[in-house]
Amino acid sequence: MSRSRYANRRLFFYFLFGVSATLLLISLFRIQVVDDSYKLSADNNVIKAVTLYPERGYIYDRNGELLVTNQRAYDLMVTPRQVKKMDTLNFCRIINIEKEYFDKQFSKARRYSSYRASIFIKEISKQTAAQLQERLYEFPGFYLQERTMREYPQKSAAHILGYVSQVPDYILKKNDRYKKNDNFGMTGIENSYEKELRGTQGIQYLIRDVWNRSKGNFQDGKYDSLAVNGKDLELCIDIKLQKYAEQLIQNKKGSIVAIEPSTGEILVLVSSPYYDPNLLIGRSRSPNFNRMYKDENKPLFDRSLLAEYPPGSTFKLLNALIGLQEDVIYAGTRFSCDQGWRFSPKLKIGCHAHNSPLNLTESISQSCNAYYCYTFRRIIEKYPTAEEGYDNWRNHILSFGLGNFLNNDLYTGRKGRVPSVDFYNRQYGKKRWKAPTVISLSIGQDALVVSPIQMANMCAAIANRGHYYTPHMVRKINGEPLSDSTYTIPKHTTIDKKHFKTIVNGMEKAFTSKRGTAKTARVKNIEICGKTGTAENPHGEDHSIFIAFAPKENPQIALAVYVENGGWGSTWAAPIASLMIEKYLTDQVSNTNLESFILNGNLMDKEDEK
Amino acid sequence: MRNNRSLFANIDWTLVLLYLLMLFFGWLNIYAANYGEGTHNLISMSSEPGKQLFWIGTSFIWILLILILDGKFYTTFSYLIYAVMIILLIGVLIVGKEIGGAKSWYEIGNFSMQPSEFAKIGTLLALSKYLSQLNINLGKFNTQIKALSIIAIPILFIMLQPDAGSAIVFASLFLVLFREGISNIYLVIVGFAIALFVITLKLELQTTMAIVTIIAGLFAYLLKKNKNSVKPAIISLILALGFVQSVGYMYSEVLKPHQRNRIDLILGKIDDTHGAGYNLHQSKIAIGSGGFTGKGFLDGTQTKFNFVPEQSTDFIFCTIGEEWGFIGSIITIGIFMLLLFRLIILAERQRSAFSRVFGYGVATILFCHFFINIGMTIGIMPVIGIPLPFFSYGGSSLWGFSILLFIFIKLDAYRMEILR
Ligand SMILES: [Zn+2]
């Protein structure tokens with residue numbers, strides 16, 4: 001191939017490129033290999049990005065009692081490459097770890113990066129940190145990073161508050177604002193108000209030398225930012241009452257939910273067994289969590305929000321109200337009861353012994369089953385088909401906030417179940433069922449389930465004579481009252497106000513009448529209205545239920561009490577409810593015998609038969 | 001000769017392979033430069049590594065387009081493309097967005113585009129077209145002026161932005177004229193001018209002028225018998241003194257203080273590790289602390305936290321130097337040498353002057369970027385912001401370099417179809 005003219009000048013280009021490359025390589029060789037001063041400079045010039053952790057928001061109860069605060073904790077950090085020869089045994093002694101553990105953690109850190117800092121030991125105590133701080137100069141490469149941990153001075157309300165831990169991986173993946181080892185509210189209020197509580201992290205770039213001495217801010221703090229503390233919350237909870245409730249239900253399984261009917265504010269939310277929230281902070285969190293997770297009584301399970309039980313006889317209140325609203329019964333309506341209701345030899349509902357016939361008020365105070373079988377049939381059979389009648393009945397029930405999420409500010413919850421027409425069509429076949437088929441709905445059994453908080457809300461709706469406010473947990477954020485209309489606009493039930501009078505009277509008579517189901521739990525000078533219930537438990541002894549509100553006029557508290565395996569509602573649940581009410585309204589308890597009976601009651605060994 | 005018409009027929013796989021290698025290694029280092037404590041989601045459209053992936057992907061689309069287009073396209077439309085590029089360069093002075101005191105960028109939605117990166121392509125096409133005319137003679141003054149004008153016009157507009165880095169890259173295209181036969185004298189003059197420039201700035205003005213005069217005197221003494229050389233010698237002396245004088249003037253009057261500072265730093269006249277020298281100092285620490293084998297991928301400490309400015313664009317070599325050490329330096333420089341030598345070899349095998357000029361142009365531009373960029377990170381070149389081809393983060397430069405390289409690869413693949 002013949003070369004074009006001046007082709008030899010290509011050699012100039014080879015020469016130029018070659019010389020330039022050589023020049024660069026020589027300079028680089030000098031800087032990178034021969035000259036050590038740059039390596040020293042780099043060591044002398046390690047920038048430490050110090051995260052400034054914001055203080056997580058404090059949490060108070062409705063009376064300003066501090067429920068959640070923060071305490072200082074320290075992460076011991078290590079930058080493996082900076083670690084020089086040191087007295088390892090002494091180091092281990094100061095921070096109280098084994099040599100093997102040291103080696104394990106150190107190689108873990110080195111695997112992560114030998115040039116960049118990682119956590120050597122998480123959340124060491126203040127005391128250890130203080131001892132170590134003094135001698136840290138002996139251990140180059142190690143430093144302490146301050147962070148905050150939660151502290152729960154009341155040792156109470158663990159389920160409500162939830163716990164904080166390192167942000168889990170699934171959050172890290174989808175949310176850019178979190179970094180590994182950041183705090184994150186996992187459950188409870190810590191979770192549902194994470195956004196308000198967390199605050200914003202700041203960052204400070206410090207120049208440190210090899211001995212970890214600060215040489216000031218990098219570029220005069222040009223890249224630094226301040227931490228913004230989280231917002232403080234004021235809960236609706238009355239911690240004094242909450243603690244009293246916890247005492248009453250100790251050694252029993254179940255839950256207590258109390259609501260202020262005029263606002264929907266949750267006064268008490270107890271699930272038992274409960275635990276001290278301080279068990280789930282710092283290094284002891286994970287062993288404690290595992291232990292409780294395996295506990296067969298499931299202390300981590302929040303029964304007040306997640307357990308679903310049949311409402312039992314408390315449900316008669318709603319059926320009475322619907323009966324009145326649908327004009328199928330009136331206050332004077334009497335039904336006879338011969339130890340129950342019989343439809344056919346196969347289909348009957350039993351009842352306890354009482355006078356017969358009873359009127360509406362008495363049917364509530366004495367909790368007659370037969371009365372409600374008749375009422376329920378009339379409600380359903382008012383319409384041409386069972387489906388229409390049932391659907392109408394169901395709409396009334398749903399208007400009390402049952403069968404669906406409450407859509408409140410709690411981090412978890414259950415819909416419960418008010419069976420739909422479809423549900424029964426699937427179970428029995430279309431047009432193959434009628435009112436008698438589902439007759440146990442009249443006394444709150446069958447496929448019906450509700451959670452304790454829904455039950456308390458239902459009670460609040462009755463106390464308000466026909467409306468409720470969505471039960472919620474937080475009243476104020478940084479001192480500002482919550483303005484969310486979800487919690488300020490009343491939700492109306494389908495029942496007219498006038499129908500409540502008879503029902504409420506019946507509830508009062510449960511305490512005052514000598515045949516009332518809750519007469520042993522009555523409190524002098526307080527007009528309490530309540531209804532017992534028993535949830536059938538196929539696995540063992542029935543669950544004891546009681547809902548109540550007081551005072552009768554302008555109610556200040558409405559509550560639902562569940563005691564698992566407690567038998568009759570009147571045995572455990574009703575006394576607990578009345579003690580709670582008296583304590584809340586008068587700040588004292590008159591019937592100390594009853595109180596000590598409840599306090600000492602232990603149902604924990606009443607296991608479900610498996 | 002059209003026996004194989006597939007898209008990839010006859011293309012030089014060595015160049016393609018080197019290209020892909022550089023993209024890959026470059027991207028790794030952009031990733032590392034952005035990697036810091038607690039960062040994650042690095043591969044998203046809001047992060048530099050993520051965006052760079054997008055630029056790489058779109059570059060491949062350009063490449064496909066270039067390979068599909070007929071080789072004749074470039075010769076036919078060279079002047080038109082050149083004209084469009086010049087208009088874009090003028091336009092940016094009017095509607096461009098000012099970043100860091102220079103109007104070098106068009107802003108379109110979320111993306112910015114730097115027209116000077118694409119003007120390189122137009123200029124090189126026009127130069128190739130002009131020099132490939134039959135009977136072109138670079139010995140003629142007229143031809144020289146025209147050829148130089150093709151290079152000078154874009155330089156003029158780029159200086160108005162102002163963007164000294166890009167202007168120098170365009171000026172380097174002069175080397176292509178040298179290959180095409182312009183007289184040696186010019187190269188010698190340019191060489192002397194650069195030397196004088198450095199000496200003038202390094203020493204005092206008067207000292208330099210004295211040295212020049214003494215050297216001229218020596219020459220005059222050596223050449224005293226050759227009467228014919230007296231006149232050119234005197235003219236040269238006057239020109240040299242004038243040049244020194246004007247360099248001195250430019251240095252003290254035209255250059256802005258920060259530019260003067262940068263030059264002083266390179267020349268070692270000042271030793272400043274906190275002011276203007278801060279960046280260079282940090283850059284050298286980063287590269288130097290890498291040692292022979294480097295700190296390891298993602299383990300750099302100096303190229304995080306903004307120690308080094310513009311870590312993933314103009315100073316990407318700091319990350320290479322810190323995390324891959326001297327071995328990384330050898331690899332990077334080695335890859336560039338392979339690329340440049342291969343380009344010259346291929347340029348020489350072209351049958352058409354157009355393709356040859358274009359090949360030399362590509363090599364010259366890439367070399368200029370490569371040498372100045374790495375040179376500035378280690379302080380043997382002034383800090384003028386030009387990217388390291390195929391390594392630095394940025395869409396305009398990646399597109400520009402990819403298009404340049406692949407137009408040449410296409411021309412090379414097409415060479416058999418060109419009749420001599
Ligand atoms: Zn009865």
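These numbers were taken from a predicted model, which means no experiment stands behind them. Below, chain A is the first sequence line, B the second, and so on; all start at residue 1.
Atom-to-atom distance recorded for A:S27:OG and B:K284:NZ is 9.0 Å, nearest 0.5 angstrom. Note that CZ of B:F370 and CZ of A:F17 are 9.5 Å apart. Values are rounded to the nearest 0.5 Å. Between the CD1 atom in B:I378 and the CD1 atom in A:I26 there is a gap of 10.5 Å [rounded to 0.5 Å].
By the ring pair (Phe, Tyr, Trp, His ring centres under 6.0 Å) test, B:F297 is found to be paired with no residue, residues two or more places apart in sequence or in another chain being considered. Not a single salt bridge (charged side-chain N to carboxylate O under 4.0 Å, His left out) links A:R110 to another residue, sequence neighbours left out.
Interface residue B:I333: only side-chain heavy atoms are found under 4.5 Å from chain A. When heavy atoms are compared at a cutoff of 4.5 Å, B:L175 approaches chain A by way of both its backbone and its side chain. In this structure, chain A has heavy atoms under 4.5 Å from both the backbone and the side chain of B:F178.
When each of B:S329, B:G290, B:G181 is scored by its heavy-atom pairs under 4.5 Å with chain A, the top score falls to B:G181. Per-residue counts of heavy-atom pairs under 4.5 Å with chain A were compared for B:T377, B:I182, B:T364; the largest is that of B:I182. Highest contact tally toward chain B, considering only A:D182, A:L24, A:D35, is held by A:L24 [criterion: heavy-atom pairs under 4.5 Å].
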Q. B:F326 and A:I31: side-chain contact (heavy atoms from CB on, under 4.5 Å), yes or no, with the steps?
A. CA-CA 9 Å; B:F326 186 61; A:I31 293 177; over 6 Å; no
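Contact annotation: the side chain of A:F13 never approaches that of B:L340 to less than 4.5 Å [non-hydrogen atoms, C-beta and beyond]. In this structure the side chain of A:F12 never reaches within 4.5 angstrom of the side chain of B:R179, judged on heavy atoms. Within the 4.5 Å cutoff, side-chain heavy atoms of B:N184 are placed close to those of A:R9. Two residues are said to be in side-chain contact when any heavy atoms from C-beta on lie closer than 4.5 Å; A:L28 and B:I330 fail this criterion.
Between A:Y14 and B:F341, the ring planes are parallel. Angles under 30° get that label, and only those over 60° would be called perpendicular.
The main-chain N or O of B:I287 is found under 3.5 Å from a side-chain atom of A:Q32 such that the two form a donor-acceptor pair.
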